Amino acid sequence: MSEQIGVIGAGTMGQGIAQVLAQSGFTVSLFDIASEPLERALEAIDRSLARLVDKQRLSEAESEEARQRLTTTTDLETLADCSVIIEAAPEQAALKEKLFSDLDRLAPHSILASNTSSLSLTGLAAVCERPERVVGMHFFNPVPVLKLVEIIRAEQTSDATVEKIEQLTEAMGKISVRIADSAGFAVNRLLVPMINEAVFLLQEGAASAEDIDTAMKLGAAHPMGPLALADLIGLDVCLAIMEVLNDGFADPKYRPCPLLRRMVDAGYLGRKTGRGFYSY
């Protein structure tokens, strides 16, 4: 029997992580609090696997085998036997802390990895009785495509935990970088302030959204402009990361742009709501 990995959260990130794990030969148990998001996740994974088959990146047999390795559950206790549990729940500190406290009790032998994009791993580890098993494993969207995983070491994380997660990352066909437990880690600390600055440019009327994005695509060789990228990430997620950076460093350069905040207040969150800096 292959190694069993648990994934918590059936949203975009959780379903992507679960799919790549299943494709890589792991037995995967995908958890969410209700059956509806799990059903949607399985439908999305089926579509993603079908696209890979159509593009001849995966055979029909490999797709079916991956799908058979993936099961879903609404019972957190069923993850107790997993060697690693990867949390991809919404980016809310209180929610993640409650999850890690529960998992620390329910799965005393599991490594607990968080896909948090900006929250303190040291803070998450602090709610556990075995904090040396807590680590950050930050994937990037879309998970089946992007190769990077940031591995974030909390102050309490053991060498053995980091080494295990590096081995798991490699087995998934990903490339890892080690990052200290600092607000925003590496990618988001660089990327999201750039997005925030692009919103300031738009707010000031310096250029249109289209021209800002064209400038960065053609002038900096970015595959996607910062405002289109914000729509893909979710404006609410961008705002939340800027707030974490602002709180973590107490530096005015991380002040969220007022236009970004207003758009989030209006519910214009990007692709997922059909409207952000562009309409979808």
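Treat the numbers as computed from the prediction; the structure is a model and nothing was measured.
In this structure a side-chain-to-backbone donor-acceptor pair under 3.5 Å is present from T273 to G270. Side chain of T169 to backbone of I165: a donor-acceptor contact under 3.5 angstrom is found. A donor-acceptor pair under 3.5 Å is formed between the side chain of E150 and the backbone N or O of A186. Here the side chain of R130 pairs a donor or acceptor atom with the backbone of D104 at under 3.5 angstrom. Using a distance-only test at 3.5 Å, with no hydrogens or angles considered, a donor-acceptor pair links the side chain of S120 to the main chain of G123. A distance-only check finds no donor-acceptor pair linking the side chain of S48 to the backbone of A44 [under 3.5 Å].
Remark: D265 does not engage R261 in a salt bridge, criterion side-chain N to carboxylate O under 4.0 Å. No salt bridge links D181 with R153; every basic N to acidic carboxylate O contact stays at or beyond 4.0 Å. In this structure, E163 does not pair ionically with R178, as no charged nitrogen and carboxylate oxygen lie closer than 4.0 Å. Contact check on K96 versus E91 returns a salt bridge, with a Lys/Arg side-chain nitrogen under 4.0 Å from an Asp/Glu carboxylate oxygen.
Few gaps surround CD on Q203; more than 12 heavy atoms of other groups in view lie less than 6.0 Å from it. For CD of E204, the number of neighbouring non-hydrogen atoms (other residues, nucleotides, ligands) closer than 6.0 Å is greater than 12. Open room surrounds CD on Q56; 12 or fewer heavy atoms of other groups in view lie less than 6.0 Å from it.
Between the CG atom in D102 and the CD atom in E97 there is a gap of 12.0 Å [rounded to 0.5 Å]. Atom CG of L227 and atom CG of L202 lie 6.0 Å apart (nearest 0.5 Å). Taken to the nearest 0.5 Å, the CG atom of L38 stands 8.0 Å off from the OG1 atom of T73. To the nearest 0.5 angstrom, L58 atom CG is 5.5 Å from L52 atom CG. Interatomic distance, L201 CG to M216 CE, rounded to the nearest 0.5 Å: 10.0 Å. F26 contributes atom CZ, which lies 14.0 Å from atom CG of L70 (distance to the nearest 0.5 angstrom).
Under the 3.5 Å distance criterion, with hydrogens and angles disregarded, no donor-acceptor pair is assigned to the side chains of E166 and S176. If you check the side chains of T157 and E132, you find no donor sitting under 3.5 Å from an acceptor. Side-chain contact, E3 with S83: a donor N or O sits under 3.5 Å from an acceptor N or O.
Using a 4.5 Å cut-off on side-chain heavy atoms (C-beta onward), I241 and S117 make contact. For the pair V20/S24, a side-chain contact is recorded, criterion being any heavy-atom separation below 4.5 Å from C-beta on. Looking only at side-chain heavy atoms (C-beta outward), P193 and L245 come within less than 4.5 Å of each other. Annotation: side chain of T122 is not in contact with side chain of V134 (no heavy-atom distance under 4.5 Å). Between M172 and V149, every side-chain heavy-atom pair lies at or beyond the 4.5 Å cut-off. Using a 4.5 Å heavy-atom threshold, the side chains of I111 and I85 count as separate. Under the 4.5 Å side-chain criterion, counting only non-hydrogen atoms from C-beta, L235 is in contact with F277. Here the side chains of I151 and V177 are not in contact, with every heavy-atom distance at 4.5 Å or above.
In the hydrophobic clustering of this structure, V84 groups with L21; members are Ile, Leu, Val, Met, Phe, Trp, Tyr whose side-chain heavy atoms approach within less than 4.5 Å, directly or through other members. Each of I45 and L146 belongs to its own hydrophobic cluster when Ile, Leu, Val, Met, Phe, Trp and Tyr are linked at side-chain heavy-atom distances under 4.5 angstrom. Under the 4.5 Å side-chain heavy-atom criterion for ILVMFWY residues, no single connected hydrophobic cluster contains both L190 and L232. Connection of V244 to L124 is not established within any shared hydrophobic cluster, with ILVMFWY side chains joined at heavy-atom distances below 4.5 Å, either directly or through further cluster members. Taken together through direct or relayed side-chain contacts under 4.5 Å among Ile, Leu, Val, Met, Phe, Trp and Tyr, V187 and F139 form parts of separate hydrophobic clusters.
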>> Applying side chain to side chain contact (heavy atoms under 4.5 Å, CB included) to V7 and V28, what does each step give before you reach the verdict?
In response: CA-CA 7 Å; V7 178; V28 184; 4.0 Å; yes

>> One pair to check against side chain to side chain contact (heavy atoms under 4.5 Å, CB included): L79 and L106. What are the steps and the verdict?
In response: CA-CA 8 Å; L79 305 184; L106 293 172; over 6 Å; no

> Should N196 and L239 be marked as a side chain to side chain contact (heavy atoms under 4.5 Å, CB included) after you check the CA-CA gap, both sets of side-chain angles, and the distance that decides it?
Replying inline: CA-CA 8 Å; N196 193 57; L239 177 59; over 6 Å; no

>> The test is side-chain hydrogen bond (donor to acceptor under 3.5 Å, both in side chains); show your working for Q15 and Q19 and say whether it passes.
In response: CA-CA 6 Å; Q15 62 191 228; Q19 177 188 327; over 6 Å; no

> Does the pair E87 and L112 meet the rule for a side chain to side chain contact (heavy atoms under 4.5 Å, CB included), with working shown?
Replying inline: CA-CA 8 Å; E87 170 271 315; L112 307 180; over 6 Å; no

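Of all non-hydrogen atoms in A34 and T74, the two that sit nearest each other are C-CG2, 3.8 Å. Here the shortest heavy-atom pairing between P90 and L95 reads CD-CD2, 3.7 Å. Considering all non-hydrogen atoms of both residues, P258 and F200 come closest at CD-CE2, 3.8 Å. For the residue pair L121 and S114, the shortest heavy atom distance occurs at CD1-CB, 4.0 Å. The two atoms that bring A209 and Y278 nearest to each other are O-OH, 3.1 Å, heavy atoms only. Nearest heavy atom pair, residue D213 against residue A228, reads OD2-N, 3.0 Å.
Counting only residues at least two apart or in different chains, side-chain hydrogen bond (donor to acceptor under 3.5 Å, both in side chains) contacts with residues 227-236 comprise D231-Y280, D236-K272.
Test N188, N141, I195 against I233 for side-chain contact (heavy atoms from CB on, under 4.5 Å) and you get one pass: I195.
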Donor-acceptor pairs under 3.5 Å, side chain of residues 247-256 to any protein atom, not counting sequence neighbours: which ones?
unit_1, atom_1, unit_2, atom_2, d
D251, OD1, K253, N, 3.0
Y254, OH, R189, NE, 3.3

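In this structure F140 satisfies the ring-ring contact (aromatic ring centres under 6.0 Å, His included) test together with H138, sequence neighbours excluded.
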